[in-house]
Amino acid sequence: AAYFDQLKSVLDSTHERDDDTEAFRKSAFDVSLGEEQVAKNAAEYARRYQADISDAIAELDDIDPPFGLDAAHAALATAAGERLRLGEEMAAAMEESPVTTDAAFRDLFYNLDGVVREQHFSDSCFDLQAQTNARGANVDLECNR
């Protein structure tokens with residue numbers, strides 16, 4: 001139960017950071033801002049995305065999973081690493097060719113397999129939620145967030 005409580009705390013803070021970064025993204029591509037500002041905002045989004053998931057990885061690394069959950073915990077950490085690489089690749093792509101519209105950002109995100117990489121993180125969370133339920137820990141990891 002202690003492990004799942006720690007994990008929930010990490011995932012709650014991860015979800016909160018993700019929500020904040022997503023809220024920033026929604027306003028970052030406002031056409032009234034001008035192309036230069038939107039390009040700066042896109043780069044800032046990539047920086048925030050990387051920082052958020054880097055924090056999550058550090059927090060996950062601080063948790064010592066109990067025997068039997070180490071593989072599922074490692075899968076979540078690996079999926080977090082995929083998201084970190086996604087952020088790095090977004091930043092590099094935007095540096096090479098600035099993104100100035102939401103549509104261009106979504107295309108870049110899709111082309112970098114962003115949806116798949118984020119789904120791996122969610123899937124790993126759901127795997128741990130199943131373990132939580134099987135062990136009767138009664139902790140909701142809120143993997144749907």
Side-chain angles (χ1 to χ4, degrees), residues 1-66 68-133 137 139-145:
Y3 165 75
F4 292 117
D5 287 339
Q6 285 180 298
L7 183 61
K8 177 168 179 43
S9 178
V10 168
L11 290 173
D12 283 350
S13 62
T14 301
H15 296 317
E16 189 175 308
R17 287 187 300 263
D18 285 349
D19 290 347
D20 290 346
T21 299
E22 183 59 20
F24 173 78
R25 189 198 68 76
K26 287 180 179 178
S27 65
F29 295 99
D30 185 328
V31 292
S32 68
L33 297 174
E35 196 171 283
E36 184 178 326
Q37 183 60 51
V38 170
K40 287 179 183 178
N41 289 350
E44 175 63 15
Y45 172 81
R47 187 202 64 74
R48 288 182 185 195
Y49 188 95
Q50 289 177 71
D52 292 348
I53 200 64
S54 182
D55 289 346
I57 290 169
E59 292 170 359
L60 286 171
D61 286 347
D62 287 342
I63 299 175
D64 187 23
L69 293 173
D70 46 349
H73 185 87
L76 183 66
T78 297
E82 288 180 35
R83 288 186 62 197
L84 180 60
R85 284 185 294 285
L86 170 62
E88 293 166 349
E89 291 169 13
M90 277 192 294
M94 287 187 231
E95 190 173 306
E96 185 175 306
S97 179
V99 173
T100 58
T101 67
D102 190 46
F105 171 79
R106 285 184 304 210
D107 287 346
L108 173 63
F109 191 82
Y110 179 80
N111 290 334
L112 294 174
D113 290 327
V115 174
V116 171
R117 292 175 180 190
E118 288 195 347
Q119 187 62 49
H120 286 167
F121 188 81
S122 293
D123 290 347
S124 296
C125 182
F126 282 115
D127 289 345
L128 282 161
Q129 182 66 62
Q131 294 293 326
T132 303
N133 298 342
V139 174
D140 183 359
L141 300 178
E142 299 183 44
C143 301
N144 285 327
R145 277 183 73 187

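Heavy atoms only: backbone and side chains are in, while hydrogens, waters and symmetry mates are out. Throughout, numbering of the chain's residues begins at 1 and tracks the sequence.
The nearest pair of heavy atoms linking Ala75 to Ser124 is O-OG, 3.5 Å. Looking at every heavy atom in both residues, Thr14 comes nearest to Phe121 through CG2-CZ, 4.3 Å. Contact detail for Leu60 and Ala77: the closest heavy-atom pair is CD1-CA, 4.2 Å.
Side chains of Val38 and Thr101 form no contact here, defined as non-hydrogen atoms less than 4.5 Å apart. The closest side-chain heavy-atom distance from Leu141 to Phe126 is not below 4.5 Å. In this structure the side chain of Asp19 never reaches within 4.5 angstrom of the side chain of Glu16, judged on heavy atoms. Considering only heavy atoms from C-beta on, Leu128 stays 4.5 Å or farther from Leu11 through its side chain. No side-chain heavy atom of Met90 sits under 4.5 Å from any side-chain heavy atom of Gln50. A heavy-atom distance below 4.5 Å is not found between the side chains of Glu59 and Gln6. Looking only at side-chain heavy atoms (C-beta outward), Gln131 and Leu7 stay at 4.5 Å or farther from each other.
Between the CZ atom in Arg145 and the CG atom in Asp12 there is a gap of 6.5 Å [rounded to 0.5 Å]. With values rounded to the nearest 0.5 angstrom, Ser13 atom OG is found 10.5 Å from Lys8 atom NZ. With rounding to the nearest 0.5 Å, the separation of OH in Tyr49 from CD in Glu88 is 11.0 Å. Separating the CD atom in Glu118 from the CG atom in Asp113 is a distance of 11.5 Å, to the nearest 0.5 Å. For the atom pair Ile63 CD1 and Leu76 CG, the distance stands at 8.5 Å (nearest 0.5 Å). To the nearest 0.5 Å, atoms CD1 (Ile53) and CG (Asp18) are separated by 6.5 Å.
Not a single donor-acceptor pair under 3.5 Å links the side chain of His120 to the backbone N or O of Arg83. Checked by atom type and distance alone, the side chain of Ser97 never pairs as donor or acceptor with a backbone atom of Met94 at under 3.5 Å. Looking at Glu35, its side chain never comes within 3.5 Å of a backbone N or O of Thr100 through a donor-acceptor pair.
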Q. Under the salt bridge (charged side-chain N to carboxylate O under 4.0 Å, His left out) criterion, do Glu89 and Arg85 qualify, and how do the steps go?
A. CA-CA 6 Å; Glu89 291 169 13; Arg85 284 185 294 285; 5.8 Å; no
Can you list, pair by pair, the side-chain donor-acceptor contacts under 3.5 Å of residues 102-112, counting residues two or more places apart and other chains?
from   : atom 1 : to     : atom 2 : distance (Å)
Asp102 : OD1    : Arg25  : NH1    : 2.4
Asp102 : OD2    : Arg106 : NH1    : 3.4
Asn111 : ND2    : Asp107 : O      : 3.1

For residues 41-48, run the donor-acceptor check on the side chains, cut-off 3.5 Å, and write out each pair with its distance to 0.1 Å, sequence neighbours left out.
from  : atom 1 : to    : atom 2 : distance (Å)
Asn41 : OD1    : Gln37 : NE2    : 2.8
Asn41 : ND2    : Ala28 : O      : 3.0
Glu44 : OE1    : Arg47 : NE     : 3.1
Glu44 : OE2    : Arg47 : NE     : 3.3
Glu44 : OE2    : Arg47 : NH2    : 2.7
Glu44 : OE2    : Arg48 : NE     : 3.0

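Under the salt bridge (Lys or Arg N to Asp or Glu O under 4.0 Å) criterion, Asp55 pairs with no residue, sequence neighbours left out.
Around atom CD of Gln119, more than 12 heavy atoms belonging to other residues, nucleotides or ligands sit under 6.0 Å away.
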